[in-house]
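The structure under discussion appears below in the form of structure tokens.
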Amino acid sequence: STTNACGNVTATVSVEVDTTIENLSSSASPNDTICAGGTITLNASGTNVNTWNWSGPNGFSSAQQSPSIANATVAATGIYTVSTTNACGNVTATVLVEVDTTIENISSSASPDDTICASGTIALNASGTNVNTWSWSGPNGFSSAQQNASLPNATATASGTYTVTASNACGTSQSSINVLVNNSIQNLAATATSNGVVCSGTTVNLSATGTNVNTWSWSGPNIFSSSQQNAVIAPATLVNSGTYTITANNACGSQTAIV
């Protein structure tokens with residue numbers, strides 16, 4: 001306040017005394033991973049803050065406490081930093097944001113093959129682009145969160161369909177594979193019509209039986225061959241006389257029988 005003969009005049013000044021910035025935190029919503037085309041909302045909170053300043057990928061900057069980025073693209077993926085200031089100094093916090101695109105080229109396979117012998121290992125393989133998480137499910141309650149999962153000492157109960165689900169912020173995609181676990185071939189036998197004696201011009205019926213067989217293969221005289229379990233030769237002639245061999249195969253090996 002100043003005074004002279006003409007009167008007095010007053011002036012005021014506002015003084016703010018800051019304390020240290022506390023409890024600064026940053027986050028992104030609706031999540032720190034979003035699908036391309038969505039909106040990234042950056043959130044910051046803290047006490048005793050005078051100014052806010054965000055910076056991030058693709059030249060992003062904002063002086064708002066909680067700014068938004070609409071129609072986000074993959075180029076918006078990265079670390080966003082909020083810097084807060086007051087008279088006592090500045091404090092920063094960061095948040096990592098990922099912008100996903102649609103999952104593509106999802107596929108599944110089993111190695112060394114989709115058919116294995118019991119006690120072997122089933123190796124499940126998955127591939128695809130833009131995938132954040134993997135989830136396998138299958139027979140016997142099997143589950144795994146690995147991209148490439150293994151089942152050691154597999155038994156026949158592990159036979160069935162295995163499905164991998166790939167996920168990201170844009171959604172999910174699935175792929176499936178059928179796996180067969182074989183036990184050893186058993187009880188293989190071969191028979192022919194009328195105990196193997198037929199009249200020329202009639203039909204020879206070759207029959208095979210056995211358990212745990214995946215494929216059959218007949219061979220015999222006159223360059224005969226067939227991949228059927230039960231084969232037919234019609235009409236039979238003298239050149240069809242001789243020994244016929246059935247070979248049964250599965251992942252554990254092969255066995256033969258003759259007639």
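Within a 6.0 Å radius of CD1 in Ile79, no more than 12 heavy atoms belonging to other residues, nucleotides or ligands are found.
Under the side-chain contact (heavy atoms from CB on, under 4.5 Å) criterion, Ser55 pairs with Thr81, not counting sequence neighbours. Partners of Asn58 by side-chain contact (heavy atoms from CB on, under 4.5 Å), not counting sequence neighbours, listed by chain and number: Ala75. With sequence neighbours excluded, the residues that form a side-chain contact (heavy atoms from CB on, under 4.5 Å) with Ala72 are Ile34, Ile40, Ala76, Val99. Under the side chain to side chain donor-acceptor pair (under 3.5 Å) criterion, Ser159 pairs with no residue at all, not counting sequence neighbours.
No side-chain heavy atom of Thr92 sits under 4.5 Å from any side-chain heavy atom of Val82. Leu96 places none of its side-chain heavy atoms less than 4.5 Å from the side chain of Thr94.
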* **Candidate pair Asp114 and Ile177, rule side chain to side chain contact (heavy atoms under 4.5 Å, CB included), full reasoning** => CA-CA 8 Å; Asp114 55 8; Ile177 182 171; 4.2 Å; yes
* For Leu124 and Ile122, what are the C-alpha separation, side-chain angles and deciding distance, and is it a side chain to side chain contact (heavy atoms under 4.5 Å, CB included)? -> CA-CA 6 Å; Leu124 299 169; Ile122 303 171; 3.8 Å; yes
* **Pair Tyr162-Leu151, side chain to side chain contact (heavy atoms under 4.5 Å, CB included): steps then yes or no** => CA-CA 12 Å; Tyr162 290 81; Leu151 289 81; 3.5 Å; yes
* Any chance you could lay out the side chain to side chain contact (heavy atoms under 4.5 Å, CB included) test for Leu206 and Val204, step after step, and finish with the verdict? => CA-CA 6 Å; Leu206 300 170; Val204 176; 4.0 Å; yes
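Taking all atoms of both residues into account, the shortest heavy-atom contact from Leu188 to Ala257 is CD2-N, 3.9 Å. Smallest separation of non-hydrogen atoms from Ala158 and Pro139: O-CG, 3.9 Å. In plain terms, the two heavy atoms of Ala154 and Val181 that are nearest each other are O-CG1, 4.0 Å.
Side chain of Ser62 to backbone of Gln64: a donor-acceptor contact under 3.5 angstrom is found. The main-chain N or O of Ser83 is never found under 3.5 Å from a side-chain atom of Asn53 such that the two would form a donor-acceptor pair. No donor-acceptor pair closer than 3.5 Å links the side chain of Asn43 to the backbone N or O of Ser66. A side-chain donor-acceptor contact under 3.5 Å links Gln255 to the backbone of Ile185. At least one donor-acceptor pair under 3.5 Å links the side chain of Asn148 to the backbone N or O of Ala126. Thr85 places no side-chain N or O within donor-acceptor distance of the main-chain N or O of Asn90, the cut-off being under 3.5 Å. Here the side chain of Asn250 pairs a donor or acceptor atom with the backbone of Asn183 at under 3.5 angstrom.
Follow the hydrophobic side-chain contacts under 4.5 Å out from Leu180 and you never reach Trp136; the two are in separate clusters. No path of Ile, Leu, Val, Met, Phe, Trp and Tyr side chains, each step under 4.5 Å between heavy atoms, connects Val179 with Val213, placing them in separate hydrophobic clusters.
Grouped by direct or indirect side-chain proximity (heavy atoms under 4.5 Å, Ile/Leu/Val/Met/Phe/Trp/Tyr only), Val239 sits alone.
For the side chain to side chain donor-acceptor pair (under 3.5 Å) condition, the pairs that include at least one residue of residues 123-135, sequence neighbours left out, are Asp100-Asn132, Thr101-Asn130, Ser107-Ser127, Ser111-Asn125. For residues 37-87, every residue pair satisfying the ring-ring contact (aromatic ring centres under 6.0 Å, His included) rule, not counting sequence neighbours, is listed here: Phe60-Tyr80. Residue pairs meeting the disulfide (SG to SG under 2.5 Å) criterion with at least one partner in residues 33-70, sequence neighbours excluded, are Cys35-Cys170. Pairs passing the disulfide (SG to SG under 2.5 Å) check and including a residue from residues 118-162, sequence neighbours excluded, do not occur. Within the structure, every pair that satisfies the disulfide (SG to SG under 2.5 Å) test and touches residues 210-259, not counting sequence neighbours, is listed here: Cys117-Cys252. Applying the disulfide (SG to SG under 2.5 Å) definition to pairs two or more places apart or across chains, none involves residues 183-216.
Atom CG of residue Asn249 and atom OG1 of residue Thr115 lie 12.0 Å apart, to the nearest 0.5 angstrom. Atoms OG and CG, on Ser200 and Leu238 in that order, are 5.0 Å from each other to the nearest 0.5 Å.
In the model, Thr163 has no side-chain atom that pairs as donor or acceptor with a side-chain atom of Gln174 under 3.5 Å. Looking only at atom types and distance, the side chain of Thr161 has a donor-acceptor partner in the side chain of Asn178 under 3.5 Å away.
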Anything under 3.5 Å between a donor and an acceptor, one on a side chain of residues 222-235, the other on a protein residue two or more places apart or in another chain? List them.
residue	atom	partner	partner atom	Å
Ser226	OG	Gln228	N	3.1
Gln229	NE2	Ala208	O	2.7
Asn230	OD1	Ala208	N	3.2

